[in-house]
Amino acid sequence: MKQCPRCRKTYDDVQLNFCLDDGESLTDVPYANTRYADDAPPTIVLDQSRVTNPANWPVSPPTAPVSQWQPQNITNRQFGAPQFSLSRDQTVPTIALILGILSIPLICCYGGIWLGVPAAAMGFIGMRNVDGDSNRYGGRGMAIGGMVLGVISFLASLVFALFAILAS
């Protein structure tokens with residue numbers, strides 16, 4: 001956009017160099033509505049969302065009295081039956097896995113002896129629980145992981161202790 005400094009007339013043609021009214025040289029005018037880099041983009045307003053009317057909505061309010069209304073989609077349950085599912089107990093396998101994981105970095109401090117042995121024992125107990133009653137207990141993979149990590153850290157701690165004894 002260019003502007004005449006004498007008559008202040010603006011021209012959109014960038015190829016034009018002189019004012020058509022008085023012949024004065026045109027100067028470039030900075031665009032007034034320039035967006036800066038830190039400006040947020042303009043807000044776009046969308047049309048209203050469509051209002052839907054599902055097929056199962058009643059057309060009009062029921063004409064029967066409230067006392068005669070029949071509830072729909074309700075299944076008859078036996079009194080005292082649980083309405084939730086019980087989750088399987090995974091406490092022992094979780095403890096075994098945690099002890100096994102903690103025993104690995106503490107091998108240098110003989111952590112395999114005081115954390116690895118309990119991890120292996122808890123993992124074994126967790127596996128026996130799952131094998132005995134799989135509906136009540138879960139976490140077989142965690143129990144195996146805790147048992148394996150416990151045995152590995154125990155053996156590594158024994159090797160570390162053997163090297164410590166031989167070095168002194």
Inset, instruction - Answer yes or no: is there a donor N or O on one side and an acceptor on the other, between the side chain of Ser153 and the main chain of Ile104, under 3.5 Å? - result: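 No; zero donor-acceptor contacts below 3.5 Å.
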Legend entry - Side-chain (Arg88) to main-chain (Ser134) donor-acceptor, under 3.5 angstrom: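 Side chain of Arg88 to backbone of Ser134, a donor-acceptor pair under 3.5 Å: yes, one is there.
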Check [X] against [Y] and note the closest heavy-atom contact, atom names and distance.
X      : Y      : value
Tyr110 : Ala164 : OH-CB, 3.7 Å
Ala120 : Val151 : CB-CG2, 4.0 Å
Pro5   : Ser25  : CD-O, 3.2 Å
Gly123 : Ala96  : N-CB, 3.4 Å
Ser103 : Gly111 : CB-O, 3.8 Å
Ala119 : Leu99  : CB-CB, 3.6 Å

Legend entry - Partners meeting side-chain contact (heavy atoms from CB on, under 4.5 Å) with Leu26 (sequence neighbours left out):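 So Leu26 forms a side-chain contact (heavy atoms from CB on, under 4.5 Å) with Lys2, Cys4, Tyr11, Leu16, Cys19.
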Gap separating the [atom1] atom of [X] from the [atom2] atom of [Y], nearest 0.5 angstrom:
X      : Y      : atom1 : atom2 : value
Leu106 : Ile113 : CG    : CD1   : 12.0 Å
Phe124 : Asn129 : CZ    : CG    : 10.5 Å
Asp22  : Lys9   : CG    : NZ    : 9.5 Å
Thr91  : Met142 : OG1   : CE    : 9.0 Å
Glu24  : Arg8   : CD    : CZ    : 10.5 Å

Legend entry - Passing option when Leu162 is tested against Leu158, Leu166, Val159 for side-chain contact (heavy atoms from CB on, under 4.5 Å):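 Result for side-chain contact (heavy atoms from CB on, under 4.5 Å) with Leu162: Leu166.
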Inset, instruction - Pick out which of Ile101, Ile95, Thr94 makes a side-chain contact (heavy atoms from CB on, under 4.5 Å) with Ile98. - result: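 Only one of Ile101, Ile95, Thr94 forms a side-chain contact (heavy atoms from CB on, under 4.5 Å) with Ile98, namely Thr94.
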Legend entry - salt bridge (charged side-chain N to carboxylate O under 4.0 Å, His left out): pairs with one or both residues in residues 116-132, sequence neighbours excluded: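 Of all non-adjacent pairs touching residues 116-132, those that pass salt bridge (charged side-chain N to carboxylate O under 4.0 Å, His left out) are Asp131-Arg140.
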Identify whether [X] and [Y] are in the same connected component of the hydrophobic contact network (ILVMFWY, side-chain heavy atoms under 4.5 Å).
X      : Y      : result
Val117 : Phe160 : yes
Tyr137 : Met127 : no
Leu115 : Leu97  : no
Leu149 : Leu102 : no
Met147 : Ile125 : no

